[in-house]
Number of protein chains: 2
Amino acid sequence: MVSIVSVAKAAGVSNKTVSRVINGEPHVTEDTRERVEKAIRDLGYIPNMAARQIRSSRSNTFGIITDYVSTTPYSVDIVRGIQDWANTHGKSILMANSGGLPEREADIWKMFQSHRIDGVLYVTMYHRVVDPEAGDVNIPTVMINCRPQTSELLPSIEPDDFQGARDLTQYLLERGHRRIGYVRLNPILLGAELRLDAFRRTAKEFGLAESDLSIRLGMEGPVGVEENYVFAAASEILQQKDRPTAIMSGNDEMAIQIYIAALTLGLRIPQDVSIVGFDDFRTVSLALKPELTTAALPYYDLGFQGAEWLNSIISEEMVRANRRVISCKLVERASVCAL
Amino acid sequence: MVSIVSVAKAAGVSNKTVSRVINGEPHVTEDTRERVEKAIRDLGYIPNMAARQIRSSRSNTFGIITDYVSTTPYSVDIVRGIQDWANTHGKSILMANSGGLPEREADIWKMFQSHRIDGVLYVTMYHRVVDPEAGDVNIPTVMINCRPQTSELLPSIEPDDFQGARDLTQYLLERGHRRIGYVRLNPILLGAELRLDAFRRTAKEFGLAESDLSIRLGMEGPVGVEENYVFAAASEILQQKDRPTAIMSGNDEMAIQIYIAALTLGLRIPQDVSIVGFDDFRTVSLALKPELTTAALPYYDLGFQGAEWLNSIISEEMVRANRRVISCKLVERASVCAL
DNA sequence: ACAAAAATTGTCGACGTTGTCATTGCCTTG
DNA sequence: CAAGGCAATGACAACGTCGACAATTTTTGT
């Protein structure tokens with residue numbers, strides 16, 4: 001392998017001078033610099049990160065731990081956000097997936113340490129509370145899309161489920177809807193309570209009574225093997241004598257079944273019933289016809305800003321543990337009509 | 001940081017002996033081994049990969065290059081498959097995303113080289129032909145979910161779209177369907193042609209005429225901003241006077257619109273019209289009611305076997321470039337009825 | 001023109017690990 | 001009991017890079 005030494009020999013300078021050129025340090029004549037750069041190009045020299053790391057005890061690498069990946073596929077945008085930040089700032093990404101198994105997670109932390117990772121991004125694929133195996137380890141960590149259970153020691157960055165659901169509810173209310181159905185997310189998801197709470201409060205603020213709201217559970221049980229009542233719940237809501245004019249869905253995926261339930265009952269969307277989702281899971285929200293009005297989870301930004309935050313923690317050595325929240329932007333499409 | 005030297009000092013042996021213990025080499029007394037292991041535990045020593053790599057010029061790390069990530073979110077299972085193989089075989093994964101930009105891809109290759117990666121897995125998020133920027137670089141590479149355009153130099157591993165579509169078509173034919181609609185995938189996807197071809201051939205084998213098949217284009221245009229005719233195409237197919245009794249969808253996502261089109265026309269699924277998808281994109285195929293019969297893309301296995309293959313290429317130094325194909329398993333659910 | 005200051009370049013060692021080879025001590029064999 | 005063999009352990013160098021410092025050359029000030 002071609003090393004700094006071979007370059008130095010080729011350019012007729014010392015290896016230290018080559019090092020200076022590579023790192024853009026001052027105190028190199030333009031002439032020398034060019035000669036070295038030519039040698040680098042000719043030999044196809046590429047710096048060896050491992051050697052650099054050994055010298056500087058900085059790896060310029062972040063680790064990503066994810067839990068499940070497949071249950072909410074769209075949240076891979078978190079990872080894309082992280083990568084984009086990392087790429088544009090000369091950091092590398094070492095990635096591992098725990099599958100939700102604690103022992104695997106412990107192995108991953110060990111692997112990260114053996115690579116002398118600068119920091120860790122702990123990413124969950126749905127918004128939830130976790131208890132990371134990190135505790136004993138002293139690597140800067142930012143939690144993304146989740147928050148630590150026990151300690152307030154770790155900084156976390158999360159979507160603002162409450163604001164998103166508030167905006168959606170308000171959107172419906174402003175368009176004249178006064179009887180609204182709600183199909184709840186699986187209660188084990190952190191978003192479930194936040195969204196429902198925002199829905200209830202906002203409806204109340206606008207003067208609706210609890211009896212104007214038809215709230216039903218859509219799913220429950222462990223993620224991946226949950227029981228699914230959405231179709232039945234939606235059918236039931238829509239067959240009430242004082243049928244709601246709009247239904248809020250816990251998320252976009254569940255909205256598929258609400259669409260099917262409505263259509264099966266011969267109802268037109270949005271003329272007979274308006275529907276809104278949550279997440280802006282575009283594979284679904286754009287495939288539904290009419291296209292679904294929803295609130296977009298800021299996955300990409302969670303990742304991007306999480307990486308940025310981690311970096312500032314690492315370089316400034318300050319670990320002000322706290323929580324950041326990113327808003328969910330309302331995406332207006334065609335599934336709601338004004339009354 | 002605690003190094004091999006501190007462990008050696010603590011255990012009262014030379015650093016070489018510690019090295020032997022770590023790597024499970026012979027010629028160490030049980031007594032010594034235990035003393036060293038105790039010291040390792042006490043000090044919390046973890047081997048430094050960078051130093052190891054510098055010595056051995058082997059990084060035990062694979063690189064993953066992905067193109068787009070968000071368009072077909074479920075294909076992250078490829079990455080999960082790779083990770084699972086890597087984790088259980090003591091390899092690490094360095095990951096980067098090109099976003100489809102060639103200059104970014106070139107940077108990534110450089111980054112990989114600077115980490116002295118052992119091999120690269122080139123992963124695309126939908127099945128297609130690519131022309132990787134790798135050419136000049138001499139790192140063992142396996143292409144996953146895609147195949148090289150120009151050269152036959154790189155080994156590739158792909159899903160068997162043809163077999164999957166054949167099995168699905170056969171499944172419908174065996175259940176008595178003789179007029180079948182087909183909504184085509186975007187033609188720029190490699191699967192589009194393979195699946196359509198399998199559909200046509202299998203139908204012909206069973207004695208159907210071309211006039212028994214209603215084939216319509218569902219989407220076209222660049223991935224991510226394609227134009228979407230699925231709803232219109234499905235509506236049109238289902239309003240013909242000799243309406244097909246079954247529709248094959250280019251993929252599961254498009255099946256959403258076919259469901260909506262059918263229901264909007266007052267047709268029951270599957271009594272009036274049977275529907276099959278492709279991909280087994282479970283967020284969709286399980287959310288549809290009735291649940292969708294489809295063919296599962298073997299994403300996880302593509303990743304897992306791809307990693308395994310890459311490893312064997314690296315260790316055996318043999319680069320028999322060729323192509324492997326993994327079959328798509330038919331998943332029988334409730335969206336098809338026998339006539 | 002000469003000293004002082006600044007710019008340029010080089011020498012050397014250390015980071016943590018392991019391969020090579022050397023050393024020590026014990027055991028087998030005749 | 002000597003010679004040879006083998007097991008256990010250690011000393012040392014080298015991998016590629018860069019920081020500390022030294023050496024050399026050029027520029028500046030008077």
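In what follows, every chain begins at residue 1, and chains take the letters A, B, ... in the order their sequences are listed. All values derive from a computational prediction rather than experimental measurement.
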* To do: Do nucleotides 7-18 of chain D as a string where each nucleotide becomes B, S or -: B if the base has a protein heavy atom under 4.0 Å, S if just the sugar-phosphate does, - if no protein is that close.
  => SSBBB--BBBBB

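Remark: the backbone N or O of A:Asn60 is paired with a side-chain donor or acceptor of A:Asp118 at under 3.5 angstrom.
A:Asp67 approaches A:Ser98 most closely through the heavy-atom pair CA-OG, 3.6 Å. Between A:Ile313 and A:Pro155, the shortest heavy-atom distance links the atoms CD1-CG, 3.7 Å. The two residues A:Tyr45 and A:Ile4 have their closest heavy-atom pair at CE1-N, 3.6 Å. Residue A:Ser327 comes nearest to A:Pro298 through the heavy atom pair O-CG, 3.6 Å, listed as atom of the first residue, atom of the second, then distance.
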Where do N or O atoms of nucleotides 23-27 of chain D meet protein N or O atoms at under 3.5 Å, pair by pair?
none

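Under a 4.0 Å N-O distance rule, the pair A:Asp84/B:Arg104 qualifies as a salt bridge.
Considering A:Thr124, A:Val129, A:Val123 as possible partners of A:Cys146, the one that fulfils the side-chain contact (heavy atoms from CB on, under 4.5 Å) test is A:Thr124.
Looking at A:Glu158 and A:Arg324, their side chains never come closer than 4.5 Å, going by heavy atoms from C-beta outward. Side-chain atoms of B:Ser315 and B:Asn311, non-hydrogen and from C-beta on, do get closer than 4.5 Å to each other.
Comparing the axis of the opening five pairs of the helix from C:dA1-D:dT30 to C:dG30-D:dC1 with that of the closing five pairs yields an angle of 30°, rounded to 10°.
When rounded to the nearest whole Å, the span between CG of B:Asn60 and C1' of C:dT17 equals 14 Å.
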* To do: Verify salt bridge (charged side-chain N to carboxylate O under 4.0 Å, His left out) between A:Asp107 and A:Lys110, making sure each step is shown before the conclusion.
  => CA-CA 5 Å; A:Asp107 282 349; A:Lys110 211 165 264 181; 5.7 Å; no

